[in-house]
Visitor: 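There's a structure below that I have some questions on.
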2 protein chains.
Amino acid sequence: MLSSTEENYLKAIYKISERDNKAASTNAISSEMSTSAASVSDMLQRLSSKGMTHYEKYKGVTLTEQGNRIATNLIRKHRLWEVFLVEKLNFTWDEVHDMAEQLEHIQSPDLVNRLDQFLEYPKFDPHGDPIPDADGNFTHRRQIELTNLTTKESGTLVGVQEDSSTFLKYLDQMGLSLGTELKVLEKFEFDGSVKLLVNNKEQITISNKVCKNLFVKK
Amino acid sequence: MLSSTEENYLKAIYKISERDNKAASTNAISSEMSTSAASVSDMLQRLSSKGMTHYEKYKGVTLTEQGNRIATNLIRKHRLWEVFLVEKLNFTWDEVHDMAEQLEHIQSPDLVNRLDQFLEYPKFDPHGDPIPDADGNFTHRRQIELTNLTTKESGTLVGVQEDSSTFLKYLDQMGLSLGTELKVLEKFEFDGSVKLLVNNKEQITISNKVCKNLFVKK
DNA sequence: TAATAAATTTAGACTAATCTAAAAATAGAA
DNA sequence: TTCTATTTTTAGATTAGTCTAAATTTATTA
Ligand SMILES: [Mn+2]
Ligand SMILES: [Mn+2]
Ligand SMILES: [Mn+2]
Ligand SMILES: [Mn+2]
């Protein structure tokens, strides 16, 4: 059985490996978790001795099959709890992450599966992220960055990259939520900002940085 | 903000003070929590320096108003989560305690109240224990120990003292659950065991020890 | 390729929570 | 009331997780 701290390291390693498609470096983990590189280095040895990671000094870490299974299950729990908080307790999508960070560490052989059943097996969380099933399989969704749409192309907002509260509240204010229909009216070369038609009604302009954090389906 | 460990100490102190109607002794806490008396002694000083307890060396501890508020809220969270697990996720009453022990430590200003609303403000948990409201007020229930019923008296089972899984499973096997109608047919002086009529149907005999753990309402 | 910069690991220290063993204080019995 | 048993506290160690500073290794650049 792992501590919450160890579990968080596994999640960070999973996230980084997935993003960069290579072994997670000490510094990358350190910055992801806001801890010192020294602490990370220390923890990597412990996780390896517990069979959770493959680790060679100075070369970074990857998850073992067991480590991967635990990380995936944490993501499953995190996202199912987020669905619960939004669907059943009526929290907004910007409020749930911190609670889910705690709830994902609840140890119980059965709880997550009962929750899954209670929620009727949702495939995506409130931020559009896929929820792995009990075997760790994700539903793959063909989604592209909003920046990849060309002028006059349309798409549906299906996901966000960031899930910080400030970013999500900004989206709310702009009238953007999952399911919103978007049409690219104009792309400004100068700073990469984009003028959009939202749900065939309002026009808004958003920065390149915001665009990069939005996923759409054509 | 307190650690889970500190919170557990407050709960133990609350429980003991309530049961014995006096300051909780180091040994009582030690045995309640299965830790050494030395650890307890150490923790009591820390909790006092944080303003959670009134503590005088060798005299035991009581909770301050703040300590009491936190302990009560922990009990509120624990019991509401138990209701959730039984009512919504269909766990049985003997399965939920350990999960609730973890869930009660989730920190969120709002979660417990949303949960309370979602569950439609239950007044009692699956073991018949009262759930304090957001202000810390308990619904008092006039309940008596089954041992206090005399021969030929009847009552409804409304609560259990113990909530260990083994005890609850035993009750299930005997056909006893909250709401069950009981009539005392005979009391055996020799060992304090009692013959009962259950729901005006079956007859069972239970030991004195079991009796002491059952609460009924006449 | 050699020097320098960056990344990583090691060394040593700190805190929370725990323990055992020893010392001190309180309570109970003679 | 004095001795003894019990309870409680203190002393000293240990482990997980963290830190800063120093040492080491790897990568980059001249
Ligand atoms: Mn999240
Ligand atoms: Mn999410
Ligand atoms: Mn319980
Ligand atoms: Mn209960």
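All chains are named by letter (A, B, ...) in the order of the sequence lines, taking the proteins before the strands, and each is independently numbered beginning at 1.
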Visitor: Rounded to whole angstrom units, what separation is found between the CE atom of Met33(B) and the C1' atom of dA16(C)?
Guide: 14 Å
Visitor: Taking only heavy atoms on the protein side, list every residue of residues 39-62 of chain B lying under 4.0 Å from any atom of DNA chain C, sorted numerically.
Guide: Ser39(B), Asp42(B), Met43(B), Arg46(B), Tyr58(B)
Visitor: Applying salt bridge (Lys or Arg N to Asp or Glu O under 4.0 Å), can you list everything that pairs with Glu95(A), at least two apart in sequence or on another chain?
Guide: none
Visitor: Looking only at side-chain N and O atoms, does Trp93(B) offer a donor or acceptor that is under 3.5 Å from a partner on Asp125(B)?
Guide: no
Visitor: Can a side chain N or O of Asn27(A) be found less than 4.0 Å away from OP1 or OP2 on dA6(C)?
Guide: no
Visitor: Does Tyr9(A) make a side-chain N or O approach to OP1 or OP2 of dA16(D) shorter than 4.0 Å?
Guide: no
Visitor: How many whole angstroms separate atom CD1 of Ile29(A) from atom P of dG17(D)?
Guide: 15 Å
Visitor: When the distance from CG of Leu2(A) to P of dT15(D) is rounded to whole Å, what number comes out?
Guide: 19 Å
Visitor: Between Ser4(A) and Ala37(A), which has a closest nucleotide on DNA chain D that is more 5'?
Guide: Ser4(A)
Visitor: One thing to verify: whether Glu104(B) and Arg76(B) come together as a salt bridge, which I'm taking to mean a side-chain N less than 4.0 angstrom from a carboxylate O.
Guide: no
Visitor: Does the ring center of His97(A) lie less than 6.0 Å from the ring center of His78(A)?
Guide: yes
Visitor: With a 4.0 Å cutoff (strictly under), does any side-chain N or O of Ser3(B) reach OP1 or OP2 of dA17(C)?
Guide: yes
Visitor: Would you please name every residue forming a ring-ring contact (aromatic ring centres under 6.0 Å, His included) with Phe84(B), sequence neighbours left out?
Guide: Phe84(A), Trp81(B)
Visitor: Within the 4.0 Å heavy-atom criterion, would you say Ser36(A) contacts the bases, only the backbone, or no part of the nucleic acid?
Guide: base
Visitor: Atom CD1 of Ile29(A) and atom CG of Asn8(A): how far apart are they, to the nearest 0.5 Å?
Guide: 12.5 Å
